[in-house]
Amino acid sequence: MDQKPQRPNSYLALAIISTILCCLPTGIVSIVYATQVNSNFEDGNYEKAMSASKNAKTWGIVSIVAAVIGWIAYILIFGIAMLGSLSSGQY
């Protein structure tokens with residue numbers, strides 16, 4: 001009798017949170033992969049389920065990193081502009 005491997009984590013919560021709070025395009029990719037995990041597992045495609053799980057996690061993390069980089073760039077741009085206006089006395 002062939003024993004089923006353990007169901008991989010779908011990372012759906014990470015995908016949804018990263019989509020809403022971080023970066024929409026990469027978050028959507030993460031959601032697509034996360035929704036494929038359970039269906040592939042139930043169909044017996046264990047390798048595809050594992051691959052979809054890894055991709056969902058990777059794209060969720062990419063979404064969070066993209067948001068952090070975006071916020072850092074935003075703060076730097078406006079911080080430098082604020083310092084420039086303060087040093088010129090036009091604030």
Side-chain angles (χ1 to χ4, degrees):
M1 178 174 260
D2 195 20
Q3 187 177 10
K4 277 185 163 182
Q6 185 176 4
R7 181 185 302 269
N9 191 344
S10 69
Y11 297 102
L12 187 59
L14 172 67
I16 292 170
I17 291 169
S18 66
T19 301
I20 293 170
L21 298 178
C22 298
C23 185
L24 188 64
T26 55
I28 290 173
V29 174
S30 181
I31 288 175
V32 169
Y33 281 119
T35 58
Q36 293 175 355
V37 173
N38 290 336
S39 60
N40 282 327
F41 186 81
E42 292 301 323
D43 291 343
N45 297 327
Y46 305 124
E47 292 298 320
K48 283 186 178 180
M50 287 296 296
S51 177
S53 174
K54 289 178 186 176
N55 285 333
K57 181 179 178 183
T58 299
W59 282 102
I61 292 171
V62 166
S63 180
I64 293 169
V65 169
V68 168
I69 290 171
W71 276 105
I72 289 172
Y74 180 82
I75 290 169
L76 284 175
I77 289 168
F78 285 100
I80 290 171
M82 180 68 80
L83 288 175
S85 68
L86 287 173
S87 66
S88 67
Q90 295 181 1
Y91 179 66

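Please read these numbers as outputs of a predicted model, since none were measured by experiment. Residue numbers run from 1 in the order of the sequence given.
Of all heavy-atom pairs spanning Thr26 and Val62, the tightest one is CG2-CG1, 4.0 Å. In terms of heavy atoms, Phe41 sits closest to Pro5 at CZ-O, 3.2 Å. For the pair Arg7 and Asn38, the tightest heavy-atom approach, listed with the atom from each and the gap, is NH1-OD1, 3.2 Å.
Note that OH of Tyr33 and NZ of Lys48 are 12.0 Å apart. Values are rounded to the nearest 0.5 Å. Rounded to the nearest 0.5 angstrom, Ile64 CD1 and Leu21 CG are separated by 9.0 Å. Taking OG from Ser88 and CG from Leu86, the interatomic distance works out to 8.0 Å, rounded to the nearest 0.5 Å. Here the CG atom belonging to Asn9 is positioned 10.0 Å from the CE atom belonging to Met50, to the nearest 0.5 angstrom.
Counting heavy atoms from C-beta on, the side chains of Val32 and Asn55 never come closer than 4.5 Å.
Judged by distance alone, with hydrogens and angles left aside, the side-chain atoms of Ser87 form a donor-acceptor pair with the main-chain N or O of Leu83 at under 3.5 Å. Distance alone, capped at 3.5 Å, is enough to place a donor-acceptor pair between the Thr19 side chain and the Gly27 backbone. Side-chain atoms of Thr35 come within 3.5 Å of backbone atoms of Ile31 as a donor-acceptor pair (strictly under, hydrogens ignored). A donor-acceptor pair is defined here as one N or O able to donate and one able to accept, closer than 3.5 Å; no such pair exists between the side chain of Ser53 and the backbone of Ser10. For Ser18 (side chain) and Ser63 (main-chain N/O), no donor-acceptor pair under 3.5 Å exists by modelled atom type.
Under the 30°/60° scheme for interplanar angles, the aromatic rings of Phe78 and Tyr74 are found to be tilted.
Under a hydrophobic-cluster definition in which Ile, Leu, Val, Met, Phe, Trp and Tyr are linked whenever side-chain heavy atoms come within less than 4.5 Å, directly or via other members, Leu76 and Val68 are assigned to the same cluster.
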(request) Apply side-chain contact (heavy atoms from CB on, under 4.5 Å) to Val37 and Leu12, showing your working. (result) CA-CA 9 Å; Val37 173; Leu12 187 59; over 6 Å; no
